[in-house]
Each structure stands twice: as structure tokens, then as C-alpha cells.
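For clarity, every value in this text was computed on a predicted model and none was experimentally measured. All values below were derived from every heavy atom in this structure, side-chain atoms included, with hydrogens, water molecules and symmetry-related copies excluded. Labels below follow one simple rule: chain letters A, B, ... track the order of the sequence lines, proteins then strands, and each chain is numbered from 1.
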Amino acid sequence: DGGITQSPKYLFRKEGQNVTLSCEQNLNHDAMYWYRQDPGQGLRLIYYSQIVNDFQKGDIAEGYSVSREKKESFPLTVTSAQKNPTAFYLCASSPKDRGTVETQYFGPGTRLLVL
Amino acid sequence: GNSVTQMEGPVTLSEEAFLTINCTYTATGYPSLFWYVQYPGEGLQLLLKATKADDKGSNKGFEATYRKETTSFHLEKGSVQVSDSAVYFCALFVGGSQGNLIFGKGTKLSVKP
């Protein structure tokens, strides 16, 4: 079955620690995205990548970093510079074919908690 | 700029009641419009979409019509079920090199038996 997987489901971070959230897709999609969701808020875009080895900052990129070395993988690192990292993190992907609507498909999410 | 405004929740209904969740948008250009649903503890699932004015998206008994004249995309269902309890997000997409989904804040729906 094709889809998007995120791991782990729950992640705990200590003060001053960097943590990395995994996102893998086997949909052969070109574009991938990371969103942050806080209670009562919509989704806010952290980073996105439209092609391998290229990525762009979204609305709230400070304190986060990403890489896109492979088409199917787009890991997100939450650095110690992110002062309020507790949130639900959602990864998404979409095809970029000409003439199609950019529908995004989401993974199940990772909940990050600070100890 | 581009933005989406949804009615604030939570919305609580009895089973078999009629549902409307309002969504209006502001956009430059001609956006595509989406409704996503998020069940507790899960990621978002695409519920329905519409790509141009007067299009109607439908899925699982839910419907929404793209109204350009009122810049709206209200979600409706004639008879809700307990299993419809979730958070519903309206979103728009305007194409371009940096086009991305713009989400509303979400509306929580609780359906009581």
C-alpha cells in the first residue's frame, strides 16, 4: 500500500537537545511538506521541498532544519533554538504533475513533548 | 494575501442532524478549495475538493460548492453520524512556484447519539 509514514508517534525532547522526526513516502511524489499544529490552531508551514536537494522555508522555519537527499524522505530536525517545540508535527506530500491540482496527502503525525 | 476563515467551534449536534460549517476565503488569482478531516490523534485526510467556480465536491455524504461570488466553500451534510466527530479544516491552494496550502483554524464537530 502506498502512503506516508512518520516516526516515532511520540517523541520526548530534553532541554538543549536536537531531535529528528522521520517522514517517508512511497507515493513517488515530488513535493514534501512539514507542518506544525498547535491546539485550536490551523496548520502552519515549517519547510517544504519541491524537488530532491532543494527546500524552502515556510512561515515558521526558525529553530528547525530539514534535508532532502532522497525523493522519498524528508526528515525534520527540531533544534535547541526552537524554544517552544511542544506540538503535533504533520508531514505531507503531493505530486507536481502539470495540469493536476496540488492535493496534499498527510502522514499520521508525530507528537513532540518537552521533558 | 491569501487566507481562510472558518466558523469557530466547537459544534455539537445530535445524530441525524443537518451540518453546516462555514468557510470563506480571500485569494489572489483562482484558488482550488479543499476540506480536510482530522480524527482524534491522526493526521489529516482529504475529504473533498473543488477546482473552479460552481464545482461541487462530495464524499461520504459531505458536500461543498465553490461559490466565487461569495468567496465561500461551506461544508454540508444532511444527516451526521457519531463517527463524523472530528476536526474539519478548510484550505485553499493558489498555484505558482511557491504555492502552498493555506489552512483555516479548524472546526471541531462533536456528534452525540
* To do: Check whether Met32(A) and Tyr47(A) end up in the same hydrophobic cluster, where Ile, Leu, Val, Met, Phe, Trp and Tyr are linked by side-chain heavy atoms less than 4.5 Å apart.
  => yes
### Task
Assess whether atom CD of Gln81(B) is packed by more than 12 heavy atoms of other residues, nucleotides or ligands within 6.0 Å.
yes
field: Main-chain N/O of Gln104(A) paired with Tyr36(B) side-chain donor or acceptor, under 3.5 Å
entry: yes
Shortest non-hydrogen pair, Glu42(B) vs Phe88(A), comes out as O-CE2, 3.5 Å
Residue pairs passing the disulfide bond (SG atoms under 2.5 Å apart) test with at least one member in residues 34-76 of chain B, sequence neighbours excluded, are none
Donor-acceptor pairs under 3.5 Å, side chain of residues 7-24 of chain A to any protein atom, not counting sequence neighbours: which ones?
{"residue": "Arg13(A)", "atom": "NH1", "partner": "Thr79(A)", "partner atom": "O", "Å": "2.7"}
{"residue": "Arg13(A)", "atom": "NH2", "partner": "Gln82(A)", "partner atom": "O", "Å": "3.4"}
{"residue": "Gln17(A)", "atom": "OE1", "partner": "Lys14(A)", "partner atom": "N", "Å": "2.9"}
{"residue": "Asn18(A)", "atom": "OD1", "partner": "Ser80(A)", "partner atom": "N", "Å": "3.0"}
{"residue": "Thr20(A)", "atom": "OG1", "partner": "Thr77(A)", "partner atom": "OG1", "Å": "3.0"}
{"residue": "Glu24(A)", "atom": "OE2", "partner": "Ser73(A)", "partner atom": "OG", "Å": "3.0"}

query = Would Val80(B) end up clustered with Leu48(B) when hydrophobic side chains under 4.5 Å apart are linked, directly or stepwise?
reply = yes
Under a 4.5 Å heavy-atom criterion, the part of residues 104-113 of chain B in contact with chain A comprises Gly104(B), Lys105(B)
(message) Determine whether Phe89(B) and Gln37(A) satisfy the following criterion, side-chain contact (heavy atoms from CB on, under 4.5 Å), listing intermediate values before the conclusion.
(response) CA-CA 12 Å; Phe89(B) 291 92; Gln37(A) 185 180 22; 3.2 Å; yes
Side-chain heavy atoms nearer than 4.5 Å, only ILVMFWY residues, links allowed to pass through others: does that put Leu45(A) and Tyr64(A) together? no
### Query
Would you find more than 12 non-hydrogen atoms of other residues, nucleotides or ligands less than 6.0 Å from Leu113(A) atom CG?
yes
Problem - Atom OH of Tyr39(B) with >12 non-hydrogen neighbours under 6.0 angstrom - result: yes
Whatever's closer than 4.5 Å to a heavy atom in chain B on Leu43(A) counts as both
Consider only side-chain heavy atoms of I, L, V, M, F, W and Y, link residues closer than 4.5 Å, and tell whether Val78(A) and Leu90(A) are in one cluster. no
Whatever's closer than 4.5 Å to a heavy atom in chain A on Leu44(B) counts as both
_Looking at Glu15(B), I want to see if its CD is surrounded by more than 12 non-hydrogen atoms of other residues, nucleotides or ligands under 6.0 Å._
yes
The interface call for Gln38(B) against chain A, heavy-atom contacts under 4.5 Å, is side chain
Would a single hydrophobic cluster contain both Leu76(A) and Val52(A), if residues Ile, Leu, Val, Met, Phe, Trp and Tyr are joined by side-chain heavy-atom contacts under 4.5 Å?
no
* Mind checking whether Leu101(B) and Tyr33(A) have side chains closer than 4.5 Å, heavy atoms only? -> no
Within residues 54-62 of chain B, contacts to chain A at heavy-atom distances under 4.5 Å involve none
